[in-house]
Amino acid sequence: NESVVNEVPEMETETLNANHLPMSQEDKLLSLPTDFEDHLDALLAFLEDVTSPQPFIEWLQSSPNDVASIVFQRIDLRSRPMSSVDVFVRAFADVSVRYDLLCLFYQSCLVPLLASLETPASRQLFTLLQDLAASHPRALLHGLMCPLLQLPLKNPQVELFNRIGKEPLSSSDRLIIIQHCVELRAWSDEIIKIAQSLLSYGVGFITDSTAAALISKIHLVSADPELSKSAKFPGLIITLAGKYTANFIQWKTALLNACELLPSFMKKVAVKSVQNMAVAN
């Protein structure tokens, strides 16, 4: 189980003084270990010219989160050769690293890298992400994929979700992403594509609350003249009606209403799929 529970002992009232106030960024820098700059220099040098990373990787893995966070802020993987990124990430994300630190690493270093993609991910980057998903699936979900959903997405990011979502993520992993999708304030064409693909691959047990949230998003999308034209939107409705009939039969009317707002050339198959829900049930 990768989940980590950090227990922080309660401080007695009389010990609450200025020493326990949150540290400013300047205070954090002043309180860094004396060897901080040496390790950081070694790390940055490694990213420029691949050498054995082990000494400073072990130091970074054992650092408190606030120290590691400052290191991560100084690393910009977007400007590094993919060969260096691959070696560095694999060395850091081994079995010994703490779950919370790994999530912080993904969110601080890999999210900006993936968000910057303008073209499909290279084979090396995709293989790296597949391996991380296989070895640390929940950390990848909570530290990388779900935070990435909060950002403006383009086709390269959608492709990554679709490919990693198919394999090696499990149905329960895909459900976590779907749950994060329905929590988003608004949907885009890219989120529709991701949701449709993951649901078509199969997700874990859909609760009534998750199903209701999905129906709410479908209602909002169908009422949007532009989003309702999304090529994957009819497929999303058809997937819910056909693959998850038992979960959505109670919202058959809502799905039919959404179908009626589809452009005419998309409507026929979606309507028939929803109308057949009672038969499939």
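As the structure is a prediction and not an experimental result, all values here were calculated from the model.
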Extract all donor-acceptor atom pairs below 3.5 Å that involve side chains of residues 246-256 and protein atoms in other chains or at least two apart in sequence.
from: Asn247; atom 1: ND2; to: Ile206; atom 2: O; distance (Å): 3.2
from: Lys252; atom 1: NZ; to: Gln275; atom 2: O; distance (Å): 3.3

Problem - Residue pairs passing the salt bridge (charged side-chain N to carboxylate O under 4.0 Å, His left out) test where at least one lies in residues 166-179, sequence neighbours excluded - result: Arg138-Asp173

Problem - Short side-chain to backbone donor-acceptor contact, Thr245 and Ala241, under 3.5 Å - result: yes

Problem - Side-chain heavy-atom pair Arg163, Leu129 within 4.5 angstrom cut-off - result: no

Exercise for the section: Please check if the side chain of His136 supplies one atom and the backbone of Ala93 the other of a donor-acceptor pair under 3.5 Å. Expected result: yes

Handout entry: Partners passing side chain to side chain donor-acceptor pair (under 3.5 Å) against Thr119 (at least two apart in sequence or in another chain)
Key = none

Problem - Listed once per pair and sorted, the salt bridge (charged side-chain N to carboxylate O under 4.0 Å, His left out) pairs that draw on residues 118-129, sequence neighbours left out - result: Glu118-Lys154

Handout entry: Summary of side-chain hydrogen bond (donor to acceptor under 3.5 Å, both in side chains) pairs that have at least one residue in residues 194-203, sequence neighbours excluded
Key = Asn162-Ser197, Gln196-Thr239

Practice task
Verify, without hydrogens or angle tests, whether Gln61 (side chain) and Phe92 (backbone) share a donor-acceptor contact under 3.5 angstrom.
Solution key: yes

Exercise for the section: Check the pair Gln124 / Ser122 against side-chain hydrogen bond (donor to acceptor under 3.5 Å, both in side chains), numbers first and verdict last. Expected result: CA-CA 5 Å; Gln124 188 172 28; Ser122 66; 5.4 Å; no

Problem - Summary of side-chain hydrogen bond (donor to acceptor under 3.5 Å, both in side chains) pairs that have at least one residue in residues 216-233, sequence neighbours excluded - result: Asp189-Ser230

Handout entry: Heavy-atom closest pair, residues Ala195 and Trp187
Key = CB-CH2, 4.0 Å

Problem - Donor-acceptor contact below 3.5 Å, side chain Arg78 vs main chain Ser116 - result: no

Fill in the blank from the handout: Sorted by chain and residue number, the salt bridge (Lys or Arg N to Asp or Glu O under 4.0 Å) partners of Arg90 (sequence neighbours excluded) come out as Asp86, Asp131

Practice task
Mind listing the closest non-hydrogen atom pair of Ile218 and Phe233 along with its distance?
Solution key: O-CZ, 3.6 Å

Handout entry: From Leu240, Leu175, Ile194, residue fulfilling side chain to side chain contact (heavy atoms under 4.5 Å, CB included) relative to Leu199
Key = Leu240

Exercise for the section: Answer yes or no: is there a side-chain heavy-atom contact under 4.5 Å between Asp100 and Phe105? Expected result: no

Completion exercise
Those residues at least two apart in sequence (or on a different chain) that pass ring-ring contact (aromatic ring centres under 6.0 Å, His included) with Tyr106 are none

Handout entry: Residues in salt bridge (Lys or Arg N to Asp or Glu O under 4.0 Å) contact with Lys272, at least two apart in sequence or another chain
Key = none

Exercise for the section: With the side chain counted from C-beta on, respond yes when Leu184 and Gln150 share a heavy-atom pair under 4.5 Å apart, and no when they do not. Expected result: yes

Practice task
Determine the minimum heavy-atom distance between Val203 and Tyr244, stating which atoms define it.
Solution key: N-OH, 3.2 Å

Problem - Connected-component partners of Val269 among ILVMFWY, side-chain separation under 4.5 Å - result: Ile238

Practice task
Kindly give the heavy-atom pair with the smallest separation between Leu113 and Leu125, and that separation in Å.
Solution key: CD2-CD1, 4.4 Å

Completion exercise
Hits for side chain to side chain donor-acceptor pair (under 3.5 Å) against Thr127, two or more places apart or cross-chain, chain-then-number order -> none

Exercise for the section: Answer whether the closest heavy-atom distance between the side chains of Ile237 and Ser273 falls below 4.5 Å. Expected result: no

Exercise for the section: Tell me, please, which residues at least two apart from Gln157 pass side chain to side chain donor-acceptor pair (under 3.5 Å). Expected result: none

Problem - Exercise: identify the closest heavy-atom pair between Ile57 and Ala91 - result: CG2-O, 3.6 Å

Exercise for the section: Check whether any side-chain N or O of Ser84 sits under 3.5 Å from a backbone N or O of Arg80 as a donor-acceptor pair, and report yes or no. Expected result: no

